[in-house]
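Here's the structure we're looking at; comments come further down.
Along the sequence shown, residues carry numbers from 1.
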Amino acid sequence: MAAAGEGTPSSRGPRRDPPRRPPRDGYGVYVYPNSFFRYEGEWKAGRKHGHGKLLFKDGSYYEGAFVDGEIMGEGRRHWAGSGDTFSGQFVLGEPQGYGVMEYKAGGCYEGEVSHGMREGHGFLVDRDGQVYQGSFHDNKRHGPGQMLFQNGDKYDGDWVRDRRQGHGVLRGADGSTYEGQWHSDVFSGLGSMAHCSGVTYYGLWINGHPAEQATRIVILGPEVMEVAQGSPFSVNVQLLQDHGEIAKSESGRVLQISAGVRYVQLSAYSEVNFFKVDRDNQETLIQTPFGFECIPYPVSSPAAGVPGPRAAKGGAEADVPLPRGDLELHLGALHGQEDTPGGLLARGHAPHCPGACQRVEQGCAEFTDVLLGPPPPGYHPFLFLDSLHKKAGGRSRGGLHPRGTPPTTQEPPGGSRPEGRATEEQAAAAHLGEYVLMIHDLTTPPFLGRRLPPAFKHLRVVAKRAGQPPHVPEEGPEASSSWQAAHSCTPEPPAPR
């Protein structure tokens, strides 16, 4: 019984060991002499034919259709080395035709293939979840195609070897849109952008940057602008490029006008200035390029508004309302702080004298009916300067101020001020003296991540004379040309050094 239970080699061998010669027909298992391949499936005339599974020694396999010994038709191929799997059409052992490739690293591809590579039209999802649909060549995105990026941006246009190149449209997740030429995955050539802030630019782009972008703000007019007390005036502004040309390709930046009054301390009375400010209304001093400091002063421009941006040179027109926070900007942000308007208000900062705003049109903007109001609450002007002058030892008035500069509050023509209150007309207007106009770029969010630096203009308020225009140009041909420049929207010539 024991001998019978063990069996004989002749009875066990044919069942466990595959044959040394391939089967002729039907179903069979065959291990090739090099032991690298093992086939289980259908045979015909000694060849793999029909449905079968070919296993590789490294763990890879193919399962599907065979024709006359070759992998041919529908099947599934798995590569153990990469972990990738392809299901679809095969020709002579290679993926060819249409199929789905699943990548171990993440993502998948569905579409046309040739010799195992993406070729033709297909749909690709990468490991980051980004989606591309369009043309492929040599396993790369090539030709027209659309892509949805991880950050929400959408691109529709031309591709060259996995890079955006040619003509295309990019719609940003933030609402910005660019349409134009591309090279090596960046804006390059002619193109137009409608930024989410309302800024539009149409022109040349180089390496992803506008070639004719504004880099600075300039306030037109004479070096020192004189205006009559209590009279409105206009302020013309230009955006200039690096080389001084007007940035006509750019529109839509939001500019705000604000003002400051010159801060002066008497040498003999270090705690005295011509506007004594209450402790509760202390303001940070504003540095100016004119060699003196100033403190914020109220200014208004009732006619100023913020119209929607108009695209230059035939671009799309759209009205973009100015965010409420821009009109309520805390003056601290105008002193170089990085806080955004919304952030300041969220933390409980009250707005101080919000200035009027204008949007730029083809590199130019104009603030009309600008008016310096009376001193705000908490600002107390010194009107009796003669007594201070006598206490200082009878020195000349110019000697009381650094560098001999005139006081902020000037005496009216004809002698010292009367002892008493100023007239009602004077009380309702800015006092005679020196002020500073400031233009700030409040574009939100900043165009291409950058705001322009502020511009300053030295302003002098003078006594109003009968028949005098609101803006008093200085005498002489140079002043006349500056006045004309201020109204023709052309850049002023550089001041002589």
4.5 Å side-chain heavy-atom contact, [X] and [Y]:
{"X": "Tyr132", "Y": "Asp126", "value": "no"}
{"X": "Val436", "Y": "Ile286", "value": "no"}
{"X": "Phe136", "Y": "Val113", "value": "no"}
{"X": "Ser188", "Y": "Gln165", "value": "no"}
{"X": "Phe367", "Y": "Ile439", "value": "yes"}
{"X": "Val261", "Y": "His431", "value": "no"}
{"X": "Thr444", "Y": "Arg451", "value": "yes"}
{"X": "Leu372", "Y": "Leu459", "value": "yes"}

Measure the spacing between [atom1] of [X] and [atom2] of [Y] and express it to the nearest 0.5 Å.
{"X": "Phe290", "Y": "Lys457", "atom1": "CZ", "atom2": "NZ", "value": "7.0 Å"}
{"X": "His440", "Y": "Gln256", "atom1": "NE2", "atom2": "CD", "value": "8.0 Å"}
{"X": "Thr288", "Y": "Met438", "atom1": "OG1", "atom2": "CE", "value": "9.0 Å"}
{"X": "Tyr263", "Y": "Cys294", "atom1": "OH", "atom2": "SG", "value": "12.0 Å"}
{"X": "Leu239", "Y": "Cys364", "atom1": "CG", "atom2": "SG", "value": "7.5 Å"}
{"X": "Thr85", "Y": "Glu102", "atom1": "OG1", "atom2": "CD", "value": "6.0 Å"}

Shortest non-hydrogen contact from [X] toward [Y]:
{"X": "Gln238", "Y": "Ile246", "value": "NE2-CD1, 3.5 Å"}
{"X": "Leu240", "Y": "Val218", "value": "CD1-CG2, 3.4 Å"}
{"X": "Gly191", "Y": "Trp205", "value": "O-NE1, 3.1 Å"}
{"X": "Arg216", "Y": "Leu452", "value": "N-CD2, 4.1 Å"}
{"X": "Pro445", "Y": "Cys196", "value": "CG-SG, 3.5 Å"}
{"X": "Tyr178", "Y": "Leu190", "value": "OH-O, 3.9 Å"}

Can any side-chain N or O of [X] pair as donor or acceptor with the backbone N or O of [Y] at less than 3.5 Å?
{"X": "Thr215", "Y": "Gln213", "result": "no"}
{"X": "Glu119", "Y": "Asp138", "result": "yes"}
{"X": "Thr200", "Y": "Ala194", "result": "no"}
{"X": "Glu112", "Y": "His121", "result": "yes"}
{"X": "Glu361", "Y": "Ser251", "result": "no"}
{"X": "Trp182", "Y": "Arg164", "result": "no"}
{"X": "Asn151", "Y": "Asp153", "result": "yes"}
{"X": "Gln130", "Y": "Gln150", "result": "yes"}

Quick test of your reading: applying ring-ring contact (aromatic ring centres under 6.0 Å, His included), list the pairs with at least one residue in residues 238-262, sequence neighbours left out, ordered by first then second residue.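 Counting only pairs at least two positions apart or across chains, no ring-ring contact (aromatic ring centres under 6.0 Å, His included) contact touches residues 238-262.
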
By salt bridge (charged side-chain N to carboxylate O under 4.0 Å, His left out), which residues pair with [X], not counting sequence neighbours?
{"X": "Arg118", "result": "none"}
{"X": "Arg141", "result": "Asp162"}
{"X": "Asp158", "result": "none"}

Any donor-acceptor N or O pair under 3.5 Å, side chains [X], [Y]:
{"X": "His167", "Y": "Gln181", "result": "no"}
{"X": "His458", "Y": "Glu223", "result": "no"}
{"X": "Gln287", "Y": "Glu293", "result": "yes"}
{"X": "Ser197", "Y": "Arg253", "result": "no"}

Kindly state whether the ring of Tyr201 and the ring of Phe447 have centres lying under 6.0 angstrom apart.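 Between Phe447 and Tyr201, which both carry aromatic rings, the centre distance is not below 6.0 Å.
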
Name all residues meeting the side chain to side chain donor-acceptor pair (under 3.5 Å) criterion together with Thr177; count only those two or more places apart in sequence or in a different chain, and write none if there are none.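 Expected list: none.
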
I'd like to check the side chain to side chain donor-acceptor pair (under 3.5 Å) partners of His142; sequence neighbours left out, ordered by chain and number.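 Result, side chain to side chain donor-acceptor pair (under 3.5 Å) vs His142: none returned.
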
Evaluate the side chain to side chain contact (heavy atoms under 4.5 Å, CB included) criterion for residues Val131 and Leu124: first the C-alpha distance (whole Å), next the side-chain angles of each, then the deciding distance (0.1 Å), finally the verdict. CA-CA 6 Å; Val131 179; Leu124 174 66; over 6 Å; no

For Tyr155, the option from Leu170, Val169, Leu148 that meets side chain to side chain contact (heavy atoms under 4.5 Å, CB included):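 Only one option passes, and that is Leu170.
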
Other residues, nucleotides and ligands only: do more than 12 of their heavy atoms fall within 6.0 Å of CZ on Arg161?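 No, because the 6.0 Å sphere around CZ of Arg161 holds 12 heavy atoms or fewer from other groups.
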
